[in-house]
Amino acid sequence: MNIGITVYPTYGGSGIVGSELGKELAERGHTVHFISSALPTRLTELNERVRFHEVEMMSYPLFEHQPYTLALATKMATVADTENLDLLHVHYAIPHSISAILARESIKSHRRLPVITTLHGTDITLVGADRSYLPITKYALEQSDGVTAISNYLKEATIEHFAFDRIEVIPNFVSPDEYKAKIDCDLREYLTPDGSPVLVHVSNFRPVKRPVDCVEIFARVLKKTKARLVMVGDGSERTNCIHRARCLGIADQCVFVGKQARIVDYLCASDILLLPSEQESFGLAALEAMACELPIIASRVGGLPEVVDDGENGFLSPVGDVDKMADDAVRLLTDKKLRRQMGRRARESAISRYSTDKIIPQYIEFYERTIQSAPR
Ligand code: GMT
């Protein structure tokens, strides 16, 4: 197939999932055309089967805000014609679905272009459910030829907010070969020179991720045992985290490494993942960490209980319960055998349920079905 994929190139898990999906499809013989405002960060290599089409924006004094949605629709329609696309697959409903629907309608006299929308989370739970965006998001869902959601939780949330249920759940995935524990790790020596176990947090540091809770958890952990906190990523909450660590007198034991291209290296250098999010429709960071044999300490929200089995491969707690999360972390940090056991179970669960070989064929089958059933 010739598949057009649109993602947010720089920000968040939906861009990662869309990019990794494109790479996996290309490996299986399909040609993937990324249509986006910039080269997606996880797309490190372009080739004959993985191509990139940049959305060009015209700057004009009359436009106080550049009409990106229209520029994207124009590019989608052009690429569909020049590259003979079989379908468009957009990640994150707003505004990508609307652009795709516009593109499909603008060329329908001479080309069929089925549109698939994959919902990732905040496009439904926050943005889509905001009164101002609700009608247009509902329209985008209804007009898409196929809709997928990355968890059962998100499917149910979409039914609740939008009374729309034509949704296929295709969960996020992880490559077992890329995400696996490594024995030799120079980075670990750098992150924890004295060999203390490492708690790691990976996110875009938005308020919804509650990264300051990681600092609170860590402060409580340090009262009981030695450890290091490694914070990977960047966003508006990063300065609050650093400030809180200074106030608590624990800044020396925290390492803020900012955005990193190779998250897997940081996971392999760590022992436990902290994900105390306010909301998480799946928790891709948890899945990637589990594949690297890290037990997870996370909040019991959204789709996280579908990914993390409480007491088996991690511990779940109510949002904001930093005391319990710290107790769970201490339990794991002070019992190496338990930590290893839960880590191994985490990988088994990640691979048996979410490996690329299991999930990518589900997308391919969904594409084929949608192409067959979309109106002619
Ligand atoms: O909302 C975000 O944090 C970003 C968002 C995205 O679309 O980039 O993340 C969502 O999609 C990820 C990939 O499918 C999921 O793993 C995250 O759980 C989800 N985030 C939330 O629901 C808050």
Side-chain angles (χ1 to χ4, degrees), residues 5-22 24 36-38 40-43 89-97 116-130 133 137 140 147-158 160-161 167-175 179 201-211 213 232-238 259 263 267 273-291 296 298-308 316 319 350 353-354 356 359-360 362-363:
I5 292 187
T6 290
V7 297
Y8 278 110
T10 54
Y11 211 58
S14 60
I16 294 173
V17 172
S19 305
E20 297 289 353
L21 173 62
E24 294 287 336
S36 191
S37 56
T41 38
R42 284 256 181 132
L43 217 59
H89 184 183
V90 301
H91 292 262
Y92 212 88
I94 303 168
H96 299 156
S97 302
I116 292 178
T117 298
T118 287
L119 304 172
H120 282 270
T122 46
D123 46 354
I124 291 302
T125 53
L126 284 184
V127 191
D130 182 300
Y133 283 112
T137 309
V147 177
T148 79
I150 53 157
S151 64
N152 292 308
Y153 156 79
L154 189 58
K155 176 176 176 169
E156 293 308 316
T158 310
E160 194 183 309
H161 288 305
I167 303 167
E168 181 109 349
V169 175
I170 304 183
N172 288 338
F173 52 86
V174 67
S175 161
Y179 284 80
H201 171 73
V202 182
S203 80
N204 48 24
F205 283 63
R206 283 183 307 151
V208 73
K209 301 286 177 180
R210 296 178 70 100
D213 278 7
V232 185
D234 205 351
S236 62
E237 287 293 286
R238 181 173 167 179
K259 284 187 187 171
I263 299 294
L267 295 173
L273 180 92
L274 300 179
L275 198 59
S277 310
E278 179 95 38
Q279 185 50 264
E280 204 68 74
S281 60
F282 183 89
L284 184 64
L287 178 60
E288 293 183 338
M290 286 166 70
I296 311 299
S299 21
R300 188 180 287 105
V301 284
L304 272 172
E306 293 173 42
V307 182
V308 179
L316 298 175
V319 175
R353 288 148 71 190
Y354 302 112
T356 39
I359 306 300
I360 306 302
Q362 294 182 31
Y363 272 115

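The chain is numbered in sequence order, starting from 1. Keep in mind the model is a prediction, meaning the values are calculated, not measured. In listed order, ligands and their atoms are each counted from 1.
Nearest protein neighbour of atom 6 (C) of ligand 1, counting heavy atoms only, is Ser14 N, 3.2 Å. At the top of the distance list for atom 23 (C) of ligand 1, counting protein heavy atoms only, stands Gln279 O, 3.3 Å. Closest to atom 21 (C) of ligand 1, if we only count protein heavy atoms, is Ser281 N, 3.6 Å. When hydrogens are left out, the protein atom nearest atom 18 (O) of ligand 1 is Glu280 OE2, 2.6 Å; that is the closest non-hydrogen contact. The shortest contact between atom 5 (C) of ligand 1 and any protein heavy atom is with Gly13 N, 4.1 Å. Closest to atom 10 (C) of ligand 1 among all protein heavy atoms lies His120 O, 3.3 Å.
Under a 3.5 Å cut-off, the side chain of Ser19 and the backbone N or O of Leu43 do not form any donor-acceptor pair. Within the 3.5 Å criterion, the main-chain N or O of Pro211 finds no donor-acceptor partner in the side chain of Asp213. Put simply, the side chain of Ser151 never gets that close to the backbone of Phe282: no donor and acceptor are under 3.5 Å apart. Here the side chain of Glu306 pairs a donor or acceptor atom with the backbone of Asn152 at under 3.5 angstrom. Judged by distance alone, the side chain of Lys155 and the main-chain N or O of Ile167 form a donor-acceptor pair under 3.5 Å.
Of all atoms in ligand 1, listed by their number and element, those nearer than 4.0 Å to a heavy atom of Thr122 are 1 (O), 23 (C). Heavy-atom proximity to Ile150, at under 4.0 Å, picks out these atoms of ligand 1: 14 (O), 15 (C). Set against the non-hydrogen atoms of Lys209, the atoms of ligand 1 under 4.0 Å away are 3 (O). Within the listing of ligand 1, atoms 8 (O) sit less than 4.0 angstrom from a heavy atom of Gly12. Close contacts between ligand 1 and Asn172 involve ligand atoms 13 (C), 14 (O), 16 (O) [criterion: under 4.0 Å to a heavy atom].
Ligand 1 has no nitrogen or oxygen under 3.5 angstrom from a nitrogen or oxygen of Val208. Close N/O approach between Arg206 and ligand 1 is found [any backbone or side-chain N/O within under 3.5 Å]. Taking only nitrogen or oxygen atoms, main chain and side chain alike, Gly121 does not reach within less than 3.5 Å of ligand 1. Checking only distances, Leu284 does come within under 3.5 Å of ligand 1, N or O to N or O. For the pair Tyr92 and ligand 1, the shortest N or O to N or O distance does not fall below 3.5 Å. Polar contact with ligand 1: present for Phe282 (N/O pair, distance under 3.5 Å).
The side-chain heavy atoms of Arg42 and Ile263, taken from C-beta on, include a pair separated by under 4.5 Å. For the pair Thr122 and Tyr92, the minimum side-chain heavy-atom distance is below 4.5 Å. At a threshold of 4.5 Å between non-hydrogen side-chain atoms, the residues Ile359 and Pro171 count as touching.
In this structure, Gly302 falls outside the shell of residues with a heavy atom less than 4.0 angstrom from ligand 1. Using a 4.0 Å cutoff on heavy atoms, Asn204 counts as a contact of ligand 1.
Aromatic pair Tyr179/Tyr354: ring centres not closer than 6.0 Å. Side-chain rings of Tyr8 and His96 approach one another, their centers coming within less than 6.0 Å.
Pairing each heavy atom of Thr137 with each of Ala93, the nearest pair is CG2-CB, 4.3 Å.
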(message) Using side-chain hydrogen bond (donor to acceptor under 3.5 Å, both in side chains), reason through His89 and Thr118 one step at a time and then give a plain yes or no.
(response) CA-CA 7 Å; His89 184 183; Thr118 287; 2.7 Å; yes
